[in-house]
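The sequence lines fix the lettering, A, B, ..., with proteins before strands; numbering per chain opens at 1. On a predicted model such as this, the values are computed, not experimentally measured, just so you know.
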Amino acid sequence: MRIATWNVNSIRTREDRVLLWLDEHEPDVLLMQETKVVDENFPREGFEERGYTLALHGQRTYNGVAIASKLPIEDLETGFPLADDEDARGIAATIAGIRVGGLYVPNGRRLDADHYQYKLRWLDALHVWLRETGDPAAPLILAGDFNIAPDDRDVHDPAEWQDTVMNSDEVRARLQTLLGWGLTDALRTVSDEGGIFTWWDYRAGAFRFNKGLRIDLMLVTDPVRDRIEAVTTDRNDRKVRKGVEKPSDHIPVTLELRD
DNA sequence: ATGCCGTCTGGTAGACGA
């Protein structure tokens, strides 16, 4: 089974690129973030032609999360983990016996912004959601754009990025709390290397200089960890390509599991 | 670096992203 997560930064702008990627990689499940479109305007056709069923939790202009799956989607839940969240940032379903959550964690903007306090509240609520609805002994994948670089290996230049909303002690501690509940950062089961990034700023030639961060994560419980065959990222997915010129600023992360 | 680039909007400049 192959399951991927991708912050597509607008599904309407990225449709051709996402569909091409699906044709090339044929994942069973793709979790998408920042779809930036209300559900009735989601470009469904290309996904459905390829045999994917869609589950949508969209929103105008900002945020928006979605699941595309070739396998049946059961027990859909949206609008978590914060009960009164005005932003569409969480979608979960059971697919092939695995509880799969697709998340778009708030960015935080600046350490002194209200939005950063919202990010911390959101992460606290995610821990509560795990405790109340989850089971560390059951198959679970929590994946998406966490807007947290887990440690300095995941930051191209830790000095340049010191004390930002992506790597503050507070957000890293909250990630550790999630891991402490019973999750493993899937990428770290296959590599200890630094410099594996999933996001590069559009600005200032960040990709050209490989000034990236690893902020798109797949966290898994032990029953899933024991099935990991591979966790892959591909820098080429950040490049301009003929026919699909415009890349997202994020690349997909793919988790391959043994049956 | 207030900047850069890209996306969105009852838009055409400003908000937001990370």
With rounding to the closest Å, how many angstrom separate the [atom1] atoms on [N] and [M]?
N	M	atom1	result
B:dG14	B:dC4	P	13 Å
B:dG6	B:dG10	P	23 Å
B:dA15	B:dA1	P	22 Å
B:dC16	B:dG11	C1'	15 Å

Select one nucleotide: of [options], the one nearest the side-chain heavy atoms of [X].
X	options	result
A:Thr13	B:dG17, B:dT7, B:dT9	B:dT7
A:Lys246	B:dT7, B:dG17, B:dT9	B:dT7
A:Asn9	B:dG17, B:dT7, B:dT9	B:dT7

Output side-chain donor-acceptor pairs under 3.5 Å for residues 135-143 of chain A, partner residues at least two apart or in another chain, one line each.
| unit_1 | atom_1 | unit_2 | atom_2 | d |
| --- | --- | --- | --- | --- |
| A:Asp135 | OD1 | A:Ala137 | N | 2.8 |

Any side-chain N or O of A:Arg60 below 4.0 angstrom from OP1/OP2 of B:dG10?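 For B:dG10, OP1 or OP2 has a side-chain N or O of A:Arg60 closer than 4.0 Å.
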
Does B:dT9 have OP1 or OP2 under 4.0 Å away from a side-chain N or O of A:Arg12?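 Affirmative; the distance criterion is met.
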
Angle between ring planes, A:Phe207 versus A:Trp200, binned at 30° and 60°: parallel, tilted or perpendicular?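 Taking A:Trp200 first and then A:Phe207, their aromatic rings stand perpendicular (interplane angle over 60°).
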
Which label fits A:Phe42 and A:Phe47: parallel for a plane angle under 30°, tilted from 30 to 60°, or perpendicular past 60°?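 Taking A:Phe47 first and then A:Phe42, their aromatic rings sit tilted (interplane angle of 30° to 60°).
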
Whichever of A:Pro106 and A:Ala204 has its nearest DNA chain B nucleotide further upstream toward 5':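 Counting from the 5' end, the first nearest nucleotide belongs to A:Ala204.
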
Nearest-nucleotide 5' precedence on DNA chain B, A:Ile215 against A:Ser10: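 This one resolves to A:Ser10.
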
Roughly, in whole Å, what's the span from [atom1] in [X] to [atom2] in [N]?
X	N	atom1	atom2	result
A:Lys239	B:dC5	NZ	C1'	19 Å
A:Phe209	B:dC5	CZ	C1'	14 Å
A:Arg238	B:dG6	CZ	P	8 Å
A:Glu34	B:dC5	CD	P	19 Å
A:Asn63	B:dC16	CG	P	12 Å
A:Arg203	B:dG17	CZ	P	11 Å
A:Ile11	B:dT7	CD1	P	13 Å
A:Asp201	B:dA1	CG	P	15 Å

Regarding A:Arg121 and A:Asp84, does a basic nitrogen lie under 4.0 Å from an acidic carboxylate oxygen?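 The answer is no: the pair does not qualify as a salt bridge.
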
Identify whether the distance between the nearest side-chain nitrogen and carboxylate oxygen of A:Asp124 and A:Arg174 falls below 4.0 Å.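 Judged by the 4.0 Å cut-off on N to carboxylate O distance, A:Asp124 and A:Arg174 do form a salt bridge.
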
Touch check for [X], heavy atoms < 4.0 angstrom, all strands: base, sugar-phosphate only, or nothing?
X	answer
A:Asn147	sugar-phosphate
A:Asn7	sugar-phosphate
A:Arg14	sugar-phosphate
A:Arg109	base
A:Phe146	nothing

Quick one: salt bridge (Lys or Arg N to Asp or Glu O under 4.0 Å) pairs with a partner in residues 93-105 of chain A, sequence neighbours left out?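 Only A:Glu77-A:Arg99 qualify under salt bridge (Lys or Arg N to Asp or Glu O under 4.0 Å).
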
